[in-house]
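These notes are about the structure you will find just below.
What you see is a predicted model; the values in this text were computed from it and never measured. For this chain, numbers begin at 1 and follow the sequence in order.
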Amino acid sequence: MKGSRLWRGGLLATLAGDSGWGLIEDGALLVEDGVLRWVGTGAEAPAADEVVELRGALVTPGLVDCHTHLVYGGSRAHEFEQRLHGASYADIARAGGGIKSTVAATRAAGEADLLASARKRAQALMAEGVTTLEVKSGYGLEAPTEARMLRVARQLAGLGVDVRTTYLAAHALPPEFADADDYIAAVCLWLPDLFDAGLVDAVDAFCENIAFSPAQVARVFDAARRLSLPVKLHAEQLSDQGGAQLAAGYRALSCDHLEYLSPAGIQAMVEAGTVAVLLPGAYYALRETQLPPIAALREAGVPIAIATDHNPGSSPTLSPLLMLNMACVLFRLTPEEALRGLTVNGARALGLRDRGQLVAGQRADFCVWDSAHPRELAACFGHNPLTERVFQGRRQGEA
């Protein structure tokens with residue numbers, strides 16, 4: 001795109017400020033050099049080199065999926081069937097299934113195969129409005145495969161989506177290690193080389209009774225701190241391990257899942273400015289009954305993000321729009337909270353402040369929807385009203 005382009009005549013859900021839809025009727029956006037230069041009413045719109053008529057369509061910020069495991073090999077549909085017969089997530093993991101099953105399939109897959117499958121998944125997310133995407137490693141649990149996963153994730157940016165990569169080697173204990181402490185030492189040893197190769201934007205870990213202890217996670221976070229890398233944590237999904245307090249001590253970008261989050265964990269997140277990332281797809285697929293403490297998070301003012309948590313086992317969804325609905329139905333978020341969770345707060349969970357709202361100075365990442373009001377995006381499910389996705393000011397097919 002060359003020159004300036006004015007999009008006018010739409011209903012803008014700007015999400016400006018910390019609350020409210022920020023609706024502008026007969027709204028207009030001026031885009032230049034991939035940035036929103038001006039946002040306001042059509043009557044006040046400045047001149048532009050090109051004009052696009054929105055004809056009353058809804059415009060929102062581009063969606064930010066801040067927690068995915070998009071690169072992997074194999075399938076775990078059989079585990080869905082096992083859970084229906086009574087096996088728990090933990091039971092399956094202890095029997096060698098779960099993450100370890102995907103590790104074996106991912107190690108056996110070549111880079112081209114991993115890229116081909118991940119491209120399809122990323123395109124499915126983009127087709128529902130995702131413009132920024134986080135991708136974790138963690139299905140390699142060895143240096144070569146962790147690197148391969150991260151390289152594949154980086155290549156997804158060529159599709160026209162911003163990709164943030166997260167190192168999650170502290171995801172499970174691989175079969176070749178008998179001692180978790182020894183494995184954590186290896187995880188810390190691999191990180192600098194991956195960082196030097198430009199493959200890591202952040203570091204994550206799974207702090208749980210079937211994964212790694214707070215003390216072990218702290219060693220990984222110390223390694224991240226030595227490289228000035230931000231951290232995040234799979235915390236309090238199946239039990240309260242005090243992971244949120246630990247992560248907050250490192251000023252974590254986010255703590256994710258949080259079904260068993262304690263009041264002490266909430267307070268620590270408040271003090272650290274850590275975002276709570278809720279993952280309704282995993283809650284639904286695992287048929288959990290322990291709800292995250294939504295009311296307490298809301299009362300404390302902790303920013304709430306939502307994400308797909310796409311992975312082959314516990315959240316095999318590729319529909320961010322369905323996550324909007326599930327966040328409302330299962331977690332009782334309001335439609336506005338849910339959309340903020342998948343835009344501005346999703347961006348904050350990645351440490352990004354230049355996207356997620358339709359305000360001047362932000363990236364020109366936005367979506368045009370065949371909807372009369374933004375609440376419809378959460379209220380309705382099973383269809384996709386997206387009519388156009390704009391990434392850094394570029395329409396589909398533009399160089």
Side-chain angles (χ1 to χ4, degrees), residues 67 69 71-72 89-90 92-104 106-107 134-150 153 165-197 199-258 260 265 268 272 274 311 313-314:
H67 182 132
H69 304 257
V71 178
Y72 58 84
Y89 181 85
I92 292 169
R94 292 191 185 100
I99 294 167
K100 292 180 181 179
S101 172
T102 301
V103 168
T106 304
R107 288 180 175 184
E134 187 256 18
V135 181
K136 303 179 191 294
S137 69
Y139 292 134
L141 311 188
E142 62 179 6
T145 310
E146 289 289 303
R148 185 157 70 248
M149 292 183 68
L150 292 166
T165 55
T166 299
Y167 177 62
L168 181 58
H171 198 195
L173 184 67
E176 62 269 24
F177 280 84
D179 184 85
D181 285 324
D182 289 344
Y183 177 62
I184 290 296
V187 168
C188 296
L189 184 65
W190 302 334
L191 177 57
D193 287 343
L194 296 171
F195 174 73
D196 289 343
L199 296 176
V200 181
D201 295 319
V203 174
D204 197 350
F206 188 17
C207 186
E208 192 51 75
N209 51 20
I210 62 170
F212 298 101
S213 70
Q216 290 161 344
V217 170
R219 292 168 59 193
V220 177
F221 284 1
D222 285 340
R225 177 180 278 173
R226 289 192 288 271
L227 298 170
S228 299
L229 280 168
V231 301
K232 55 185 67 179
L233 188 65
H234 284 62
E236 276 70 271
Q237 179 184 9
L238 307 174
S239 62
D240 181 9
Q241 298 290 308
Q245 295 97 304
L246 169 69
Y250 289 83
R251 304 198 70 80
L253 293 175
S254 71
C255 290
D256 303 29
H257 287 288
L258 300 177
Y260 289 83
T274 298
N311 71 78
S314 63

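- Interatomic distance, Lys232 NZ to His234 NE2, rounded to the nearest 0.5 Å: 9.5 Å.
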So Arg226 and Leu191, side-chain contact (heavy atoms from CB on, under 4.5 Å) or not? Walk me through it.
CA-CA 10 Å; Arg226 289 192 288 271; Leu191 177 57; over 6 Å; no
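- For the pair Pro174 and Arg107, the minimum side-chain heavy-atom distance is below 4.5 Å.
- When side chains are defined from C-beta on, Gln237 counts as touching Phe206, because their heavy atoms get closer than 4.5 Å.
- Closest heavy-atom contact between Arg219 and Cys188: O-SG, 3.5 Å.
- Counting only heavy atoms from C-beta outward, the side chains of Asn311 and Thr102 never approach each other to under 4.5 Å.
- The structure places NZ of Lys136 at 11.0 Å from CE of Met149, a figure rounded to the nearest 0.5 Å.
- The distance from atom CD1 of Ile210 to atom CG of Leu173, rounded to the nearest 0.5 Å, is 12.0 Å.
- For the pair Val217/Gln241, no side-chain contact is recorded, criterion being any heavy-atom separation below 4.5 Å from C-beta on.
- Taking the side chain as every heavy atom from C-beta outward, Asp201 and Glu134 never approach each other to under 4.5 Å.
- Considering all non-hydrogen atoms of both residues, Leu246 and Ala218 come closest at CD1-CB, 4.0 Å.
- The aromatic rings of His171 and Tyr139 sit tilted, their planes meeting at an angle between 30° and 60°.
- Here the side chain of Thr166 pairs no donor or acceptor atom with the backbone of Val203 at under 3.5 angstrom.
- Interatomic distance, CG of Leu238 versus CD of Glu208, reported as 4.0 Å (0.5 Å rounding).
- Side-chain contact check for Tyr167 versus Leu199: every heavy-atom pair is 4.5 Å or farther apart.
- Going from atom CG of Leu194 over to atom CG of Leu227 covers 10.0 Å, rounded to the nearest 0.5 Å.
- Scanning both residues, Cys255 and Ala247, for their nearest heavy atoms gives SG-CB, 3.6 Å.
- In this structure, Val220 and Phe212 have side chains that are not in contact, with every pair of non-hydrogen atoms separated by 4.5 Å or more.
- Under a 3.5 Å cut-off, the side chain of Thr274 and the backbone N or O of Ala248 do not form any donor-acceptor pair.
- Of all heavy-atom pairs spanning Arg225 and Tyr250, the tightest one is NH2-CD2, 3.3 Å.
- In plain terms, the two heavy atoms of Val231 and Ala224 that are nearest each other are CG1-CB, 3.7 Å.
- The shortest non-hydrogen separation linking Cys207 to Gly243 is SG-CA, 4.2 Å.
- Between the CG atom in Leu233 and the NE2 atom in His257 there is a gap of 10.0 Å [rounded to 0.5 Å].
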